[in-house]
Amino acid sequence: RLGDAEKAYRYFRETVRLDLDDAHGNAKDGIHAANMGGAWLALVFGFGGFRPLGDSVAFDPVLPSAWRGFSFRLSYRGRALSLRVTRGPGGLARSDLRLLSGGPLDVRLAGEPRRLTAD
């Protein structure tokens, strides 16, 4: 949200690699489950730009330069949504947002309003 995707990516990378790199020397004791939850939140709310707006939702995705793309699914008020962000021609990020199931949903994708219906 602050507009520094590269700095956010550096912090995100530290978070997701905590157990893999045994950064605290305690990986033998098990995983850091809360850390994993925080990584999911960073992906969905941070890089995906997800914002619940009552009966509608907004997504304002950003794609760090180190990534070719990312995708995730989530449930919101009885609806299943899928967001896929990829690098398109000229290096620009392209977003594909789909309503997989549930009733129609008003969304804003990168500031543009639209109404989604299930495929």
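Computed from heavy atoms alone, side chains included, the values below leave out hydrogens, waters and symmetry copies.
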- prompt: Hey, does the side chain of Arg77 reach the backbone of Gly54 with a donor-acceptor pair shorter than 3.5 angstrom?
  reply: yes

Phe45 and Phe50 aromatic ring geometry - parallel, tilted or perpendicular at 30°/60° bounds: perpendicular

task: Output every pair passing side chain to side chain donor-acceptor pair (under 3.5 Å) with a member in residues 88-103, not counting sequence neighbours, ordered by first then second residue.
output: Asp96-Arg98

message: Once rounded to the nearest 0.5 Å, what's the spacing between atom CZ of Arg10 and atom CZ of Arg13?
response: 11.5 Å

- request: Of all the heavy-atom pairs spanning Leu109 and Pro61, show the shortest one and how long it is.
  value: CD1-CD, 4.0 Å

- request: Just grab all the side chain to side chain donor-acceptor pair (under 3.5 Å) pairs involving residues 102-117, residues at least two apart or on different chains.
  value: Asp106-Arg115

With a cut-off of 3.5 Å and sequence neighbours excluded, list every side-chain donor-acceptor pair involving residues 81-91.
| from | atom 1 | to | atom 2 | distance (Å) |
| --- | --- | --- | --- | --- |
| Arg87 | NE | Trp67 | O | 3.4 |
| Arg87 | NH1 | Gly91 | O | 3.0 |
| Arg87 | NH2 | Pro64 | O | 2.7 |
| Arg87 | NH2 | Trp67 | O | 2.8 |

message: Going by the rule side chain to side chain contact (heavy atoms under 4.5 Å, CB included), which residues pair with Ala42 if we only count those two or more places apart in sequence or in a different chain?
response: Phe12

- prompt: Are Leu105 and Leu100 joined in one hydrophobic group, where the rule is that I, L, V, M, F, W and Y side chains link up if heavy atoms are under 4.5 Å apart?
  reply: no

task: Just grab all the salt bridge (charged side-chain N to carboxylate O under 4.0 Å, His left out) pairs involving residues 56-71, residues at least two apart or on different chains.
output: none

Minimum-distance pair of heavy atoms, taken over all atoms of Pro113 and Gly111: CD-O, 3.6 Å

- prompt: Which atoms form the tightest heavy-atom contact between Leu63 and Phe70, and what is the distance?
  reply: CD1-CD2, 3.7 Å

query: If you look at every heavy atom in Ser56 and Tyr76, which pair is closest and at what distance?
result: O-OH, 3.8 Å

